[in-house]
Protein chains: 2
Amino acid sequence: MANIRDLAKEAGVSVATVSRVLNGYPYVSEEKRKAVWEAVEKLNYSKNIQAVHLAKGRTTIVGVMLPYIHHPYFSAVIEGISKEALRYGYQLLLFQTNYDVERELEALERLRMRQMDGLIVCSHEVDWEAFAAYQEEGPIVLCEQVGEQDFLAVYIDHYQAFVQALRYLVKKGHRRIGYCIGRMTGPNSQARAAAYQDVLREAGVIPRRQWIFEGCLFLEDGKRVIEQWVAMEERPSALLVTSDQVAAGIVLQAGRIGVRIPEELAIIGFDNDPLAELLGITTVALPHFALGEKAFRLIHHWLETGNVHRKQVELPTQLIIRTTG
Amino acid sequence: MANIRDLAKEAGVSVATVSRVLNGYPYVSEEKRKAVWEAVEKLNYSKNIQAVHLAKGRTTIVGVMLPYIHHPYFSAVIEGISKEALRYGYQLLLFQTNYDVERELEALERLRMRQMDGLIVCSHEVDWEAFAAYQEEGPIVLCEQVGEQDFLAVYIDHYQAFVQALRYLVKKGHRRIGYCIGRMTGPNSQARAAAYQDVLREAGVIPRRQWIFEGCLFLEDGKRVIEQWVAMEERPSALLVTSDQVAAGIVLQAGRIGVRIPEELAIIGFDNDPLAELLGITTVALPHFALGEKAFRLIHHWLETGNVHRKQVELPTQLIIRTTG
DNA sequence: CTGTTAGCGCCTTCAC
DNA sequence: GTGAAGGCGCTAACAG
């Protein structure tokens, strides 16, 4: 592989001049510029990006930490990140963690090793302290509400979104209300749990532990939920489901086994997945794509200017009433 | 940021020894090893991975080229790649192309610049010649049937899969058969087009251009298809749909507007998406996840040994009969 | 076992 | 405008 020195020799100039030409630096005579480009052609030269990264101390790479890729929520977020990254000439390095803390820390270590200029954390298991410890190493943006913490973050107000949906159900006369969620840990989940407690208490209802269904991430989980529901002694009359995929699973399987939606069981999903529209599922629209976009922009702005207008960006949600709840 | 020289000074050894300790090289006295690790602690050292890459001439990074991420097919493939990459300590660099040739070439250029050790191409628009031109730069594996071409490839025999599904429909008495596909270009699509021609001819039917629906990638596209279908003069009685998402869109929208499936229109999907199971959609199961796994293994094996058992790996499909066709 | 030394390939001041 | 030279941080002979 030809390197910059070979080019210099071939073109009869210095390596500095070659570098200038290669990087579009202005003050170079037309003559030498031409000679360099000819040498590039002749030697079939291509620059070694690793050397560039080392010399510059930057990579124009951003890391993306997320538990799964094959999931409508996360793949939509990456799509948003990806679009913006493309636009600004950045590349994306993927860190799939499966919510394994070891892997999450590994991603953070990679930031420390300067493998990337910044990191977007779509979701995580590890404590906030871990991120705090790595903040010096480069910008980190979390996709969750961080309260008083001094993190870059872009988030959805899950507490309010949950409150809105729950109040809607209460207003429709529901009292036995449950919900389905991916996992119980993490700030997003805790915010929803709090909203659940608050609204039910406000309505004078005692929340039941059995009305909370955990581990609901995929379509299949919805099938499981409705089957569990059928087997229950005291069934909730309404379910808030934090993923339209799961909600769809519930609605479709309910149709199969003859549970009437919303008469016997009202369903409100989250995401506003196309599937929800097609199935007429009432849902809380979440701006996944925009979340990814904003997350990247935050990182990017930080990298370019060293600061940022607001460290935290909140994104809006919208309750879309359809037929299931 | 402390570097390896600072460590050497601190520990009172040479940089070579530091490097040996850092990389677990055996012949170092226990004493010095300890001194080095203490220096690492004290100086809060972390190695600069870019420098390592430059010095070694390798990155343990593999690139992944694909048009979209937010799509069940592609996100499943990445998931498979990702799982294997994790297992072998590789990282994944994402190149989302939207089937834009410029971007595809950019990814190839990155391989040339040694940004990654190899490249997995999930789908592409650019001609094979482009890949041929970059083969020297590092292993490239294509996820498609490449015939006589000398590429690393892992693929599904789309011709046979299509033939099997079509014959099944013919056997059931269908003659007016159409299909839905993402796009017309690319070897996978061409193989399916050929199978379509062959089987219909074999059944003594003249294929119609209008019975081919292009641009079918997402759920919403299925909705569009069934609406187009309704408006047709001569409607096909059966549709082969190269994505379960699209098939689901068709089936669900058909239900809404009162088209009876499979009596008026038989549907066979592809993928064996959980959604297909839930909706009782007859489908051709495709091993997306395994495709990603194999693709990575092929690259990995090549990188480690410089060769590979078979350059081409074919993966099986399976027709799963359910209720829509 | 350990240290010296020469790269890896490019960027970037500094002086002319 | 241009070139010489030092540096980015680490690895890997080679010599001892």
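Keep in mind that what you see is a predicted model, and the values were worked out from it rather than measured. Chain letters run A, B, ... following the sequence lines, proteins first, then strands; residues in each count from 1.
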> Is it true that A/Y73 and A/H288 have ring centroids separated by less than 6.0 Å?
yes
> Check every nucleotide of DNA chain C for an atom under 4.0 Å from a heavy-atom of chain B, then give the first and the last such nucleotide from 5' to 3'.
C/dC1 to C/dG9
> For B/E79, is there an ion pair with B/K83 - N to carboxylate O distance below 4.0 angstrom?
no
> Is the B/F151 ring parallel, tilted or perpendicular to the B/W128 ring (thresholds 30°, 60°)?
tilted
> Would you mind reporting whether B/I140 and B/L111 have side-chain heavy atoms less than 4.5 Å apart?
yes
> On DNA chain C, check which nucleotide each of A/K56 and B/K56 is closest to and give me the residue with the more 5' one.
B/K56
> Decide if atom CD of A/E102 counts as having more than 12 heavy atoms of other residues, nucleotides or ligands within a radius under 6.0 Å.
no
> Quick one: do B/R183 and B/Y99 satisfy side chain to side chain donor-acceptor pair (under 3.5 Å)? Show the steps, please.
CA-CA 11 Å; B/R183 53 194 191 123; B/Y99 284 128; 3.3 Å; yes
> Answer yes or no on whether B/R110 is positioned over the face of B/F95, meaning its NZ or CZ is under 6.0 Å from the six-membered ring centre and within 45° of the axis.
no
> Rounded to the nearest Å, what distance is computed from the CZ atom of residue A/R33 to the P atom of nucleotide D/dG1?
10 Å
> Given D/dC10, is OP1 or OP2 found less than 4.0 Å from the side-chain N or O atoms of B/S19?
no
> Using only side-chain N and O atoms of B/N23, determine if any of them is under 4.0 Å from OP1 or OP2 of D/dT11.
yes
> Checking side chain to side chain donor-acceptor pair (under 3.5 Å) for the pair B/E314/B/Y155: CA distance, chi angles, key distance, verdict?
CA-CA 5 Å; B/E314 184 175 315; B/Y155 64 92; 3.1 Å; yes
> Quick check, are the ring centers of B/H124 and B/F131 under 6.0 angstrom apart?
yes
> Could you state the CE-C1' distance from B/M1 to D/dC10, rounded to the nearest angstrom?
15 Å
> What N/O pairs connect the protein and nucleotides 3-6 of chain D at under 3.5 Å? Give each pair on its own line.
residue	atom	partner	partner atom	Å
D/dG3	OP1	A/K32	NZ	3.4
D/dG3	OP2	A/S14	N	3.1
D/dG3	OP2	A/S14	OG	3.3
D/dG3	OP2	A/T17	OG1	2.9
D/dG3	N7	A/R20	NH1	3.3
D/dG3	O6	A/R20	NH2	2.5

> Looking at A/V141, A/L66, A/I299, A/V64, which one forms a side chain to side chain contact (heavy atoms under 4.5 Å, CB included) with A/I81?
A/V64
> Under 4.0 Å from any atom of DNA chain C, heavy atoms only: list the residues of residues 40-54 of chain A that qualify, in numerical order.
A/Y45, A/K47, A/N48, A/A51, A/V52
> Report the distance from atom NE2 of B/H158 to atom OG of B/S189, rounding to the nearest 0.5 Å.
8.5 Å
